[in-house]
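To start, the structure under review is shown below, and the notes come after it.
Because only heavy atoms are used, hydrogens play no part in the values below, and waters and symmetry mates are left out as well, while side chains stay in. Below, chain A is the first sequence line, B the second, and so on; all start at residue 1.
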Number of protein chains: 2
Amino acid sequence: MIQTSKSLAEILRVRREKLAELIDFPAILWSGSPSPRNFAANLFRHRPSSHFLYFAGLPLENAVIRLEGGKLQLFMDNPAPSSALWHGEMPSRDGIAENIGADEAYPMVELESHLQDAATIAVQDAASWTQQSQLLDRWVLPQRAPENIDLELAKAIVELRITHDEAALAEIRKAIAATVEAHKAGMAATSTAKTEAQVRAAMESVIMAHNMTTSYNSIVTVHGEILHNEHYENSLEPNDLLLADVGAETPGGWAGDITRTTPVSGKFSSTQRDIYDIVLAAHDACIDKISPGVEYEDIHLCACKVIAQGLLDLGILQGNVEELVDVDAHALFFPHGIGHLLGLDVHDMEDLGDLAGYEPQRERSSRFGLGYLRLNRPLRQGMVVTIEPGFYQVPAIVNNTQNRESFAKYVNWERLSQFGDVRGIRIEDDVLVTENGSEVLSIDLPTQGDHVEGLTI
Amino acid sequence: MIQTSKSLAEILRVRREKLAELIDFPAILWSGSPSPRNFAANLFRHRPSSHFLYFAGLPLENAVIRLEGGKLQLFMDNPAPSSALWHGEMPSRDGIAENIGADEAYPMVELESHLQDAATIAVQDAASWTQQSQLLDRWVLPQRAPENIDLELAKAIVELRITHDEAALAEIRKAIAATVEAHKAGMAATSTAKTEAQVRAAMESVIMAHNMTTSYNSIVTVHGEILHNEHYENSLEPNDLLLADVGAETPGGWAGDITRTTPVSGKFSSTQRDIYDIVLAAHDACIDKISPGVEYEDIHLCACKVIAQGLLDLGILQGNVEELVDVDAHALFFPHGIGHLLGLDVHDMEDLGDLAGYEPQRERSSRFGLGYLRLNRPLRQGMVVTIEPGFYQVPAIVNNTQNRESFAKYVNWERLSQFGDVRGIRIEDDVLVTENGSEVLSIDLPTQGDHVEGLTI
């Protein structure tokens with residue numbers, strides 16, 4: 001799946017040699033198996049564990065790899081002869097072993113005798129984590145934080161996956177290229193589409209045509225204020241803003257993640273333009289700050305300040321910027337974090353809780369305006385992060401009586417009511433931390449928000 | 001989700017009153033919950049249990065219904081106040097209860113005190129079947145056949161779901177209408193598409209634009225001889241046949257399931273046309289036979305005979321039709337069954353094994369040519385079945401040395417080799433059994449196979 005000047009086997013060898021520098025015990029990683037939908041033969045399309053994909057390179061099902069001292073052992077059964085009827089000739093264990101540069105390859109039954117002192121990471125599907133738990137004779141559950149050697153393994157993998165090698169970046173660029181194309185198709189479709197579903201279809205169809213899948217359930221909605229809105233039944237009205245948060249995933253599992261907000265009519269109202277420009281200013285300011293060593297939390301706070309200043313200038317907020325951000329007044333309208341790690345998972349390594357996102361000894365803040373920050377580390381060269389400031393009028397927040405009272409000093413609620421046609425705006429790009437600064441990987445997609453005519457698709 | 005002249009509550013009331021005529025113990029049905037993809041917050045789109053959908057009507061998550069004596073109790077928790085931030089205002093338990101005509105509605109914690117003597121059916125996701133097992137204090141596993149009162153419940157539900165009421169038919173017609181539209185888009189796209197993935201994208205995008213999902217993983221392939229081919233990476237060559245087996249599913253869960261095979265160039269070769277016409281003749285002959293009381297196995301055997309006769313006429317088979325079918329010579333090229341039940345599941349109620357598909361006391365045949373038949377019952381008015389004959393040159397079958405030898409008398413292997421450009425053909429339609437015969441629900445989609453120009457989309 002990974003195509004660079006190096007062979008897949010060579011890429012994987014380097015990764016596991018780096019792992020061997022960090023741990024002195026064997027690691028065993030499961031690919032997982034597909035989850036059933038409404039009956040056993042009707043399956044959700046299998047998504048292998050990202051940790052498995054990182055070291056095995058191929059989206060296999062029902063396979064296990066064992067890594068020790070830079071060596072790779074593959075455990076999987078050859079396809080049953082009868083499966084050729086239904087699934088065609090499938091690659092054999094030996095063929096796959098050669099492709100990924102495995103040192104040894106065994107049928108699955110041999111796994112049991114190779115488990116001693118091995119660490120693992122829980123996969124998501126129940127059939128597989130049940131097998132992990134049974135074989136290792138301890139509970140390995142996706143909803144439970146890893147402990148002991150499993151925790152040591154998780155930390156080592158975080159250390160590897162948190163910055164991207166050349167092969168990973170090549171894959172991420174492919175995912176982002178397809179994502180950009182999908183957004184362009186979505187913008188072009190918005191002028192004629194009648195429903196959210198039609199724009200979503202135009203976007204995902206581009207991703208599907210590339211033989212990719214979405215890296216998360218698309219958000220394509222005129223109610224951008226519903227942050228995780230995965231419904232598409234609304235019709236598009238001329239005054240609506242359409243928020244599209246859609247990302248492609250390559251067959252090897254690498255993710256793109258981009259958001260654009262565009263006016264259905266092709267032209268912002270003046271109130272929409274006012275708020276959009278604030279979000280865009282925050283977006284640009286954050287990207288300008290990205291550089292190795294910079295604290296991601298400071299980038300988040302930079303966005304908070306730009307948004308607070310913008311809302312102050314519009315008369316929606318009152319007071320001074322420092323105080324507004326200190327009391328989380330900005331978070332009434334920007335309640336989430338500025339972004340997250342991007343890699344094999346769209347929230348990279350979120351299966352490990354905050355182990356990847358948070359520097360050791362750091363914990364989530366209890367502040368409303370900081371608690372949703374998914375990444376709190378100094379940036380490193382080779383990280384890919386999202387930058388995704390937004391402005392939302394979430395009814396549960398801005399209509400909340402207690403908020404109305406406790407922020408009476410900071411918010412001019414009457415002035416806010418003049419911005420009723422701005423329910424939700426977000427602008428999100430994917431950014432690589434480079435040696436001296438940053439590179440916007442999704443640069444091909446315009447951010448100006450309206451005037452989409454003449455878009456090259 | 002179901003829109004007919006009757007209200008949803010009225011439709012559901014009739015269904016559970018019919019259930020109450022068949023069982024005298026309570027039935028408790030779980031909706032199930034979404035399965036995680038690569039981390040806990042990245043979920044596969046939830047597909048509720050079909051049995052739940054049949055009696056609850058709405059695609060709810062983490063909900064349970066209890067049916068007894070025609071009464072409906074709903075168990076679900078109201079959304080947490082904090083969920084409004086991420087998911088918007090969600091319908092309350094009481095609102096849903098009113099919509100579906102529940103007699104009572106309780107928070108989930110009350111379920112435990114309403115379980116006595118209740119039967120259930122296992123759902124597919126592990127979180128839910130674990131909860132079923134724990135609460136009912138017995139193993140309720142999707143991969144285990146139901147026993148005792150669970151089996152009685154399963155039989156009663158089969159008796160209800162095996163024929164469709166007016167509301168169900170209205171939903172199935174909607175699913176099929178979107179499916180037909182998707183196939184037309186696919187045919188139109190085939191002339192310009194360069195890859196299978198691009199045709200698949202054109203088809204699924206139509207389904208998505210209707211705010212529907214696919215009822216199974218689409219098969220869109222130039223290698224139709226791989227029966228369950230869920231890959232889309234091949235390029236389209238002018239001499240290829242493209243087999244597209246794609247179906248839409250309505251938001252309420254009702255399925256369509258149609259297959260067409262079209263020449264990439266728009267025009268069959270003479271060998272492709274010869275074989276296509278045989279498959280089409282089998283398709284038409286089977287549909288002509290459909291009527292209440294007719295054995296579905298006889299319809300399967302009708303297809304076998306038409307295919308055997310056609311291949312005999314072409315000189316690929318040798319002998320007489322009765323003998324060829326008796327020795328399963330036809331099954332070398334048509335190894336699967338003629339079709340299956342269609343409803344809330346694309347293979348309706350296949351989660352119950354053969355309980356729905358096979359008349360009591362009947363079992364799968366050990367014959368190669370009959371063992372894959374999914375439905376073996378006399379047809380009844382109100383059933384919807386698929387009719388899907390095919391012709392395939394599966395390498396694992398036709399190149400098998402043992403087959404080559406044991407069928408030497410019946411197959412002219414040299415003559416067969418002249419049909420190398422026919423790897424896989426299938427023609428599938430969805431058919432309602434009516435009072436006196438049948439109605440092809442997918443009639444709007446032409447079956448002639450080529451000359452797709454002028455197609456109205």
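- Only the backbone of B:E225 comes within contact range of chain A, with at least one heavy atom under 4.5 Å from a heavy atom of that chain.
- A donor-acceptor pair shorter than 3.5 Å cannot be found between the side chains of A:S92 and A:N78.
- At a cut-off of 3.5 Å, with distance as the only test, no side-chain donor of B:S35 or B:D125 sits close to an acceptor on the other residue.
- The pair B:D348-B:R374 does not meet the salt-bridge criterion, since no charged nitrogen lies less than 4.0 angstrom from a carboxylate oxygen.
- Using a 4.5 Å cut-off between heavy atoms, A:H347 touches chain B through backbone and side chain atoms alike.
- Residue contact with chain B, scored on non-hydrogen atoms closer than 4.5 Å, involves the backbone and the side chain of A:N217 alike.
- Other residues, nucleotides and ligands place more than 12 heavy atoms under 6.0 Å from the CD atom of A:E233.
- Between the side chains of B:E388 and B:H340, a donor-acceptor pair is found at a separation under 3.5 Å.
- Between B:W129 and B:P142, the shortest heavy-atom distance links the atoms CD1-CD, 3.3 Å.
- By the side-chain hydrogen bond (donor to acceptor under 3.5 Å, both in side chains) test, A:S235 is found to be paired with A:E237, residues two or more places apart in sequence or in another chain being considered.
- The contact between B:D345 and chain A is made by backbone and side chain atoms together, counting heavy-atom distances below 4.5 Å.
- For chain A, the option among B:Q198, B:H46, B:R37, B:H87 with the highest count of heavy-atom pairs below 4.5 Å is B:R37.
- Proximity to chain B is limited to the side chain of A:T195, based on heavy atoms less than 4.5 angstrom apart.
- Residues B:I121 and B:Q132 fail the side-chain proximity criterion, which asks for heavy atoms closer than 4.5 Å.
- With a 4.5 angstrom heavy-atom cutoff, B:T214 touches chain A only via backbone atoms.
- Donor-acceptor pairing under 3.5 Å is recorded for the side chains of B:H336 and B:Y392.
- Remark: A:R47 pairs with A:S50, A:E249 by the side-chain hydrogen bond (donor to acceptor under 3.5 Å, both in side chains) rule, at least two apart or across chains.
- If you measure heavy-atom distances from B:L352 to chain A, you find no contacts under 4.5 Å at all.
- With a 4.5 Å cut-off on non-hydrogen atoms, A:P335 touches chain B through its side chain but not through its backbone.
- With a threshold of 4.5 angstrom between heavy atoms, A:V346 approaches chain B through its backbone and through its side chain.
- Interface remark: A:F52 contributes no atoms to any contact with chain B (heavy atom separation under 4.5 Å).
- Evaluation of the side-chain hydrogen bond (donor to acceptor under 3.5 Å, both in side chains) rule for B:E89 yields no partner, not counting sequence neighbours.
- Neither the backbone nor the side chain of A:T130 comes within less than 4.5 Å of any heavy atom in chain B.
- Residues of residues 205-213 of chain B lying under 4.5 angstrom from chain A, judged on non-hydrogen atoms, are B:S205, B:M208, B:A209, B:N211, B:T213 in numerical order.
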